[in-house]
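Since the structure is predicted, the reported quantities are computational estimates derived from the model, not experimental observations.
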Amino acid sequence: MSEQVFVYGSLKRGEPNHPWLDGSRFLGRRRLVGARLHDLGPYPMAVAAAAAEPEPDEPRAPPEPALIHGELYALEASGLSRLDQLEDVPREYRRQRWRLSDGSWAWLYLGRHEQVIGLPLVPYGDWRSTPVFSYGSNLCPSQLARRCPRWDGIGLVARLEGWRWGINKRRLGRAPGEGAAGLVRHSGAHCWGVVHHHSPDDRAALDHCEGVAAGHYRHQRVQVITGAGERLDALTYVPTPAWRAPGLSAGGDYAAAILRGARHWDLPEAWLGLLEAELR
C-alpha cells in the first residue's frame, strides 16, 4: 500500500539524502501549518508550534510563522521503514501523520522542543531555498529559467494585498520614459503574481538582475494568499524611492515578457485585462 511522506530538509531534491527516496513518486511542493523549522547546521528539524505561545517579556521581531515548505512523495511501506532508519526513529525524530495545508495527510518526521532550544529558525520555513513572489518580467518562464538555472519550473499563483502594481521603476540605459514593473504600498489595492522557490545561488542571480546592490530594488517580505486561501510569507523586490518615477511605460519586449508569463501561469482574467491595458 502506498504511503505519503512530507520532507523538508536533506531528503528534498538536490539534497544529499534524496537518494533514500529512490523508487518514490514526487507529488509536488506542499506546505505544512502548525510547525516551525529549526536550523541544526547540516540539516533542519521540524518541531510542532506550541498551542499557546507566551507573549515575550520585551518587544522583539515576530517569530517565523508556523509554516514549513516541503515536498510530498508517495512511496511503499518498505520505503518508510528505510526513512525511519535514516531519521533514527524514535531517538532523534518521531514519525507522525500530519494534515497539510491542501487538506491531504502525510507522514512527517518531527523533533522535540528540547532539541532545538537556542537554535535559529529557518527563514520562511524553507530549507536552502526562498519563496520569491514575482509580478513583472520574471513571470516569463523562459526568462526566469535563464536567470535561475536551478529553478524547478514550479510556480504557485498568489495574490498580494495592500500593494499597487505599476510601471514605475526607471530602467538604467534605456530610452527616456521607459520603465519596469514595481510595487507601491496602497491600501485597498492588490497584485497577482507567482511564488517560485529559489536556491541561494539563483536568489543571488536575481539580486544582481534586479540591481539590489546598486539600490534599484530592495527586498521586501510580504504575505500572499493562494487561490485556495493559504497565507504564506515570501520575498519580493520593491523599487527604491530613488528609482521610482511617474509616467513611465514598458518597452515592447519587456511588456511582452510580462504578458507571456501572466498567460503561462493562467493569472485571473481580470488581472490579465489590467496588464494588457497598462502595457499597451
State, with a plain yes or no, whether a side-chain heavy atom of Lys12 is found less than 4.5 Å away from one of His69. no
So Tyr135 and Ile258, do their side chains get closer than 4.5 Å, heavy atoms only? no
So, for Phe26 and His18, is the gap between ring centers shorter than 6.0 Å? no
Salt-bridge present (Arg128, Glu15; N to O < 4.0 Å): yes
Other than Trp105, which residues form its hydrophobic cluster under the rule that side-chain heavy atoms must be closer than 4.5 Å? none
Side-chain heavy-atom pair Leu272, Leu259 within 4.5 angstrom cut-off: yes
Under 3.5 Å donor-acceptor, Arg221 side chain and Asp233 backbone: no
Take atom CZ in Arg13; do more than 12 heavy atoms of anything else shown fall under 6.0 Å from it? yes
Does the Trp151 side chain pair with the main chain of Asp202, one donor and one acceptor, at a distance under 3.5 Å? no
Kindly say whether Glu92 contributes a backbone atom to a donor-acceptor pair with the side chain of Gln115 at under 3.5 angstrom? yes
Which heavy atom of Ala257 sits nearest to which heavy atom of Cys140, and what is that distance? O-CB, 3.3 Å
Considering all heavy atoms of both residues, which atom of Pro90 and which atom of Arg112 are nearest to each other, and what is their separation? O-NH1, 4.1 Å
A quick test of your reading: do over 12 heavy atoms of other residues, nucleotides or ligands sit less than 6.0 Å from CZ of Arg150? no
Quick one, His197 and Asp126 - any side-chain contact, counting heavy atoms below 4.5 Å? yes
Check this for me, if you would: do Glu230 and Arg30 make a salt bridge, where the nitrogen-to-carboxylate-oxygen distance has to be below 4.0 angstrom? no
Is it true that Ser104 and Asp102 share a donor-acceptor pair across their side chains at a distance under 3.5 Å? yes
Arg99 atom CZ: more than 12 heavy-atom contacts under 6.0 Å: no
Are Asp266 and Val157 close enough that some pair of their side-chain heavy atoms sits under 4.5 Å apart? no
Please check: side-chain N/O of Tyr217 versus main-chain N/O of Gly182, any donor-acceptor pairing under 3.5 Å? no
How about Asp88: does its CG atom have over 12 heavy atoms from other parts shown lying under 6.0 Å from it? yes
CD of Glu269: more than 12 outside heavy atoms within 6.0 angstrom? no
Test: Glu210 and Arg147 ion pair at under 4.0 Å: yes
With side-chain hydrogen bond (donor to acceptor under 3.5 Å, both in side chains) as the test, pick out the partner of His219 among Thr236, Thr130, Asp207. Asp207
